[in-house]
Each structure stands twice: as C-alpha cells, then as structure tokens.
Amino acid sequence: MAFSPEALQALRAKYGGENESVIHDGHFRAVARDVIDESGVRQAPYAGIPTLLDAPIRHIDWAAPDFGDLEAALLGVPMDLGISNRSGCRFGPRALRAIERIGPYNHVQRIAPTRALRVADIGDVPLSSRFSLEQSHADIEAAYRVLHAAGVIPVSAGGDHSITLPILRALGRHRPVALVHVDAHCDTGGPFDQSRFHHGGPFRQAVLDGVLDPIKTIQIGIRGSSEYLWEFSYDSGMTVIHAEEVCALGIPAIVRRAREVVGNAPVYVSFDIDGLDPAYAPGTGTPEAGGLTMREALALVRGLAGLDVIGGDLVEVSPAYDPSTLTAQAGAQILFEILTLVALAPRRGT
C-alpha cells in the first residue's frame, strides 16, 4: 500500500502546527509528564549531582536513620577487600553514579521504576575500616538489617561480590531466601589464602549460615578455569547453568528454569558484571572469555518480572580497567533492570 497524500495530511494535522509537542498515547503521555516540564524542558543528563540511576538524593544519618516513606533504596558499597585478582571495584559505585541516560523509562517492562517506586539514592554504606574485611562485613550487615527492619528494599552497587554475604545475612535472617545469580563463577568456594570471607565464597557461607536456600538458587553464566572449586553448588542442590549451555538452551528456557527454581519464594538477584563477556565488560577483576552478551543479560533479567524480588545487587565494576566506561554503562543498565524488578514485584500495593 502506497503512502497517500491523504495519509500525509492526516499526520500533519495530528502532529504538526500547534500539536507538534502533543503526545497522544495516554501511557507515553503519563511518562513524559514526569520527565518534561510544562515549558517543554527536561533536565540535562549531564547536569546536577550524579546519583545512581538519577534517583533523588536522600541523606541518611546512620546514627539515627530515617528512611521516611521510601519503598526502595539505591546505595553503594565501596569495598573490595575480598578481591582475589585485580582490585579497584571499590570505585564501582562512583563510576555507576557518573553514568547518564539510564532510564527513567523501561520500554520492555513499560514502567519508569524511579517514578513508580518511592526510591532514593541514600549514599554509601558507612564502613568503619578500610582495611578490615570482617569489620566491613559487620558494618554492611548492620546497615542492611536497619533497612530490612524499616521495610525498605535495597538495590546495591558494589564493591566486590563478598558484600552479598552480609546482605543475605540481613535479609535472610528469619527465613532463607532464594537466589538468581548471574556470574562467571559460582562463588561457592572454600577458604582462600586462609580467609573464608572473599568474593569467591559468599554463597557457600550464606547456605551454611542458614540464610540462603540452595534448592531455590540458580547460577547462570558459569565458566572459566575455577570449576574445580564449585562442588558445593552441586552438592547442596543449586542449579548451575554454564555459559556453554546458553546458546543451546536459549534465554527463554533459562528464564523458565529460573522461575521454576525460585517459585513463589522471596528472591534476591545478584549480578556480577563478569557474567558478561569481556567484550561488553572489560572493567572487572576476574574477566572470563565466553560470557553473556548484553542483549542476553537484559532478556534474562527482564524475564524475572513478577517474582517476589526483595533486593538485588550489581557488583565487581572496576572502572580503572575500562577507560571507555563501557563496563559502568552495562552495570548501570543492569542495576536499572533490577530496580524495575522491584517495582514489578507482586507484593507492592498489597
């Protein structure tokens, strides 16, 4: 069918002249109303104080924390004392805050999570020592216990993957939680150089602490030369999907499997940026060839919509190894997708 003069005239009447700024679709118009002011101006993405996902700032006095009516909190955990290879992801939260133009609208999920949720960037977890890993873990657990007690869902930017252990200790204190874990590594290893608390073992320790349900845990994207360290994943009943299986299975099948494993349980989503192939995320401490593409990762996380997501994190962005900021860009997008899962969780409004 040819594009007729009549069709052109109809489009000019609808979108031209006095109507050139009108958004006719009701859903899109509602989104735009939160982004574009009455004069037609929107805030420049490079202006103002940078925050995680451009969320509002809320300063917290951790000596007497007041989260107001927040439903969710974005926060940084700038600690990398658990790293076994290249350090530097203590700068991850700062790098993620500097990334502009992530959201506010999620076109796949048809929601603007920073508008749909009462959410703010509440800064970084207060750490009392930059040298003690054990003390840092204690500080993290204490902060997340306060958040959890206040009913605020945490979405966190790391930091190394050992930060997830104290977070799970706080969130799973009264009931072990389910886990969707995207990573190159299972992170269920034993002691590393005489330390149990490193980024290669948080999920082993979380199970042994009784805060993580291994039967309701799925680990996706696993690969590399450390496979001999992950027997705990198999022995405890975790579901492990290696990166080599992704093409054969396909993302839709993996999403179905993840949803089967988790079921209706409260679930935590933990995404190590090295789950992505280094082509998409070179700026990390332990890159492994053969990882997920960014498109696969986005489809995977988006496929979890509707699960009872009680929190999540994006960890291991080390900006010093990626001057292009590609890794931080990918990490911020994944963080945005996790926050979207929180906004779509079924418990909201019930």
Side-chain angles (χ1 to χ4, degrees), residues 80 83-89 91-93 95-96 98-99 101-102 108 157-161 164 179-189 199-200 202-203 217-230 233 238-258 269-304 312-338 340-341:
D80 62 2
I83 284 291
S84 59
N85 189 34
R86 303 190 302 191
S87 62
C89 61
F91 294 102
L96 291 168
I99 295 299
R101 297 192 70 253
I102 300 295
V108 173
D160 74 58
H161 219 158
T164 311
L179 176 71
V180 176
H181 170 209
V182 182
D183 204 322
H185 315 95
C186 284
D187 291 353
T188 51
H199 74 156
F203 302 114
T217 292
I218 184 167
Q219 303 182 298
I220 302 165
I222 308 305
R223 62 194 188 277
S225 60
S226 300
E227 178 71 20
Y228 66 96
L229 296 173
W230 312 140
S233 288
M238 295 180 181
T239 299
V240 179
I241 297 179
H242 289 86
E244 295 78 17
E245 302 175 78
V246 171
C247 287
L249 292 173
I251 293 298
I254 294 171
V255 166
R256 287 194 296 272
R257 184 67 181 125
V269 178
S270 187
F271 197 112
D272 187 323
I273 201 67
D274 70 27
L276 296 175
D277 189 88
Y280 304 92
T284 190
T286 48
E288 300 280 4
L292 299 174
T293 68
M294 192 63 190
R295 185 177 290 114
E296 289 170 335
L298 291 174
L300 173 58
V301 177
R302 289 167 178 166
L304 305 177
D313 60 47
L314 182 285
V315 298
E316 303 270 353
V317 170
S318 296
Y321 305 109
D322 182 9
S324 74
T325 75
L326 179 66
T327 309
Q329 180 81 30
Q333 186 66 51
I334 295 295
L335 197 71
F336 177 71
E337 300 297 337
I338 294 173
T340 301
L341 297 181

When you measure from the side chain of [X] to the backbone of [Y], do you find a donor-acceptor pair of N or O atoms at a distance under 3.5 Å?
X    : Y    : value
Y321 : S87  : yes
D160 : E316 : no
N85  : G285 : yes
D80  : C89  : yes
Q219 : C186 : yes

task: Begin from the C-alpha positions of V301 and F336 and carry the test side chain to side chain contact (heavy atoms under 4.5 Å, CB included) through to its verdict.
output: CA-CA 10 Å; V301 177; F336 177 71; over 6 Å; no

To the nearest 0.5 Å, tell me how far [X] [atom1] sits from [Y] [atom2].
X    : Y    : atom1 : atom2 : answer
D183 : T188 : CG    : OG1   : 10.0 Å
T217 : L179 : OG1   : CG    : 4.5 Å
R257 : T239 : CZ    : OG1   : 4.5 Å
I338 : L304 : CD1   : CG    : 9.0 Å
D322 : Y280 : CG    : OH    : 14.0 Å

If you take all heavy atoms of [X] and [Y], which pair is closest and at what distance?
X    : Y    : value
S225 : Y228 : O-CE2, 3.3 Å
A299 : V255 : O-CG2, 4.2 Å
L249 : I241 : CD1-CG2, 4.1 Å
R223 : H185 : O-CD2, 4.3 Å
A328 : L96  : O-CD2, 3.4 Å
P93  : G158 : CD-O, 3.2 Å

message: I'd like to check the salt bridge (charged side-chain N to carboxylate O under 4.0 Å, His left out) partners of R86; sequence neighbours left out, ordered by chain and number.
response: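 R86: no salt bridge (charged side-chain N to carboxylate O under 4.0 Å, His left out) contacts found.
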
field: Parallel, tilted or perpendicular: ring planes of F203 versus H181, cut at 30 and 60 degrees
entry: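 Ring orientation, 0 to 90° scale: tilted.
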
message: Using the rule side-chain contact (heavy atoms from CB on, under 4.5 Å), only one of D272, I83, I273 pairs with H161; which is it?
response: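 Filter result, single survivor: D272.
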
query: Is any side-chain heavy atom of I222 less than 4.5 Å from a side-chain heavy atom of W230?
result: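 Yes. Closest side-chain heavy atoms under 4.5 Å.
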
message: Pair E337, R302 - check salt bridge (Lys or Arg N to Asp or Glu O under 4.0 Å), show working.
response: CA-CA 7 Å; E337 300 297 337; R302 289 167 178 166; 3.0 Å; yes

- prompt: With respect to D274, which candidate in T327, T286, T284 satisfies the side-chain hydrogen bond (donor to acceptor under 3.5 Å, both in side chains) definition?
  reply: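 Passing option: T286.
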
field: Steps toward side chain to side chain contact (heavy atoms under 4.5 Å, CB included) verdict (T293, D277)
entry: CA-CA 6 Å; T293 68; D277 189 88; over 6 Å; no

query: I334 and L298: side chain to side chain contact (heavy atoms under 4.5 Å, CB included), yes or no, with the steps?
result: CA-CA 7 Å; I334 295 295; L298 291 174; 4.1 Å; yes

